Amino acid sequence: MFDLSKIVRPNILALKPYSSARDEFKGTATAYLDANENPYGMFNRYPDPQQKQLKEALSKLKNVPQENIFVGNGSDEAIDLCYRIFCEPGKDSALTFTPTYGMYSVSADINNVTLVELPLDKNFQIDVDKTLPLFKRENLKLVFICSPNNPTGNSIDAIETILKNFDGIVVVDEAYIDFSASASLLEKLELYPNLVVLQTFSKAWGLAAARVGLAYASAEIISYFNKVKPPYNVSRLNYTVALAAISQPELFENQKNKLLAEREKMVHSLQKLNVVKKVYPSDANFLLVEVTDADGIYNSLVQKGIILRNRNNVVPDCLRITIGSAEENDLLLTALNELP
Ligand SMILES: *Cc1c(COP(=O)(O)O)cnc(C)c1O
């Protein structure tokens, strides 16, 4: 049985969070003399610690109550908070499936948490038979699943099996979900009290510079995120541009559809090249491509000012190619065609 009070670290359960000036007085006043702010300027006031306006807009957009939403300084903040809330340093452990996003491992190291890395199978899917026995480990608190997965690009099938069989927290990182034909796990939030869904403004929303990431979970889990986060973790500049993006849904749809069309074009064009051995199917805005000589091709392209992600050390002979603008993609295809 899932029991959140057994998963949260005892010091976090007992934590009395910092109460900011803006937490203690929330109305409208004639003189704000409570937060040691400068009375002059455009950005002189502290931002809303709860990002209420952004949560209102997200709540409508995603059909999720506001109390189920956490806004972070990028998803990377949410990943770090998961370790800090649920994993006792030096004692508890987490599990993920490799190859995958590198921050699960770096964040585990920073927090002195052991991350067990189970390889995905040859189709880049979770090997359920090898996974379930690991759930008997006493101190396993967290499972990270990236779907669509970075760098392989595919969606993961066994997520609900994992959710049903694990009594700890399952974090599903949906950074690329907007590019996927599969449904988001957000629809299942009420069904699974142990589910945390991560999304971000950094990819399909085109706001990587703004640093706005989201975690969706039960109100109880979100309350721990709010307790542990720094009081003003998201700046007003950042949540304002996120709000502006949400208010222009047609721009978002247009850009996304353009990228999806470019992805199709790139799959076909890349498959025709002599240096390309395999283009893996992708539900994301990048392609994992097996080539004849990943290091050599990577270096030749760097000489021409075209930078790919060399994943040779992660998936042998593979490059990860982000879908760029039509012009950027054509530059890449031309350069690949001209390779000796
Ligand atoms: C790009 C990416 C993110 C985004 O992180 P932010 O901190 O929100 O920019 C999260 N997860 C994965 C798997 C990614 O590839």
Side-chain angles (χ1 to χ4, degrees), residues 51 54-55 58 62 69-84 94-108 110-111 115 117 120 124-126 142-156 159 169-180 182 184-186 195-217 225 229-230 233-235 237-239 241-243 245-246 252 255-256 259 263 280 282-288 307-311 314-315 318-324:
Q51 308 95 21
L54 180 55
K55 284 181 191 169
L58 280 168
K62 300 283 181 175
I69 307 175
F70 165 79
V71 184
N73 186 11
S75 327
D76 290 342
E77 181 180 22
I79 293 166
D80 179 64
L81 283 174
C82 287
Y83 284 111
R84 289 162 69 197
L95 169 68
T96 196
F97 306 92
T98 52
T100 194
Y101 186 45
M103 278 309 288
Y104 313 139
S105 162
V106 172
S107 205
I110 291 169
N111 287 287
L115 180 68
E117 299 186 315
L120 292 164
F124 300 135
Q125 290 295 336
I126 292 177
L142 266 181
V143 173
F144 284 96
I145 302 172
C146 188
S147 182
N149 186 39
N150 177 3
T152 57
N154 61 301
S155 298
I156 302 294
I159 301 177
I169 301 289
V170 179
V171 182
V172 182
D173 187 341
E174 295 189 337
Y176 300 98
I177 194 68
D178 295 305
F179 300 108
S180 169
S182 324
S184 164
L185 262 284
L186 265 190
L195 171 64
V196 175
V197 176
L198 303 184
Q199 295 187 355
T200 180
F201 279 91
S202 295
K203 306 286 158 61
W205 288 96
L207 291 177
R211 312 306 307 129
V212 183
L214 309 160
Y216 299 89
F225 276 83
K229 78 180 182 75
N233 62 322
V234 180
S235 94
L237 289 81
N238 299 7
Y239 67 68
V241 291
L243 255 176
I246 293 179
F252 168 81
Q255 273 185 15
K256 187 184 75 180
L259 290 173
R263 184 177 78 191
Y280 284 92
S282 172
D283 281 333
N285 66 334
F286 58 82
L287 297 170
L288 187 72
I307 317 301
L308 305 182
R309 190 84 152 128
N310 187 355
R311 297 283 80 183
V314 182
V315 191
C318 281
L319 299 167
R320 193 192 68 193
I321 303 177
T322 303
I323 305 301

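Quantities reported herein were computed from a predicted structural model and do not represent experimental measurements. Every number for a ligand or one of its atoms is a count from 1 in the order of the listing.
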Worksheet item: Just wondering, do Phe201 and Ile246 contact through their side chains at under 4.5 Å, heavy atoms?
Response: yes
Fill in: Ala175: numbered ligand 1 atoms lying under 4.0 Å from its heavy atoms
2 (C), 3 (C), 10 (C), 11 (N), 12 (C), 14 (C)
Fill in: Candidate with minimal heavy-atom separation from atom 8 (O) of ligand 1, of Asp76, Thr200, Thr100
Thr200
Worksheet item: Does a side chain donor of either Asp178 or Gln199 reach within less than 3.5 Å of an acceptor in the other side chain?
Response: no
Item to complete: State if Glu77 counts as touching ligand 1 under the rule of any non-hydrogen atom under 4.0 Å.
Response: no
Discussion item. Evaluate Ser202 for polar contact with ligand 1, using N/O atom pairs at a separation under 3.5 Å.
Written reply: yes
Discussion item. Taking the ring of Phe286 and the ring of Phe179, is the distance between their centroids below 6.0 Å?
Written reply: no
Worksheet item: For atom 5 (O) of ligand 1, what is the nearest protein heavy atom, given as residue, atom name and distance?
Response: Ser75 OG, 3.5 Å
Worksheet item: Does ligand 1 have a heavy atom under 4.0 Å from the side chain of Tyr176, from its backbone, from both, or from neither?
Response: side chain
Response to the item:
atom 11 (N) of ligand 1: closest protein heavy atom, distance to 0.1 Å, is Asp173 OD2, 2.7 Å
Discussion item. Taking a cutoff of less than 4.0 Å between a non-hydrogen atom of the residue and any ligand atom, is Ala208 in contact with ligand 1?
Written reply: no
Discussion item. Is there a side-chain contact between Asp76 and Arg211 in this structure, where contact means two heavy atoms from C-beta onward sitting under 4.5 Å apart?
Written reply: yes
Item to complete: Return the residue, atom name and 0.1 Å-rounded distance of the protein heavy atom closest to atom 2 (C) of ligand 1.
Response: Lys203 NZ, 2.4 Å
Item to complete: May I ask you to identify the nearest protein heavy atom to atom 7 (O) of ligand 1, giving residue, atom name and distance to one decimal place in Å?
Response: Arg211 NH2, 2.6 Å
Worksheet item: According to the interplanar angle, ranging from 0 to 90°, do the rings of Phe124 and Tyr280 count as parallel (below 30°), tilted (30 to 60°) or perpendicular (above 60°)?
Response: tilted
Worksheet item: For residues Ser184 and Glu174, is any side-chain donor paired with an opposing acceptor at under 3.5 Å?
Response: yes
Item to complete: Kindly indicate whether the side chain of Thr96, heavy atoms from C-beta on, has any atom under 4.5 Å from the side chain of Tyr101.
Response: no
Discussion item. If I take atom CD1 from residue Ile79 and atom CZ from residue Arg84, how far apart are they, to the nearest 0.5 angstrom?
Written reply: 13.5 Å
Discussion item. As an exercise, identify every atom of ligand 1 less than 4.0 angstrom from a heavy atom of Cys146.
Written reply: 13 (C)
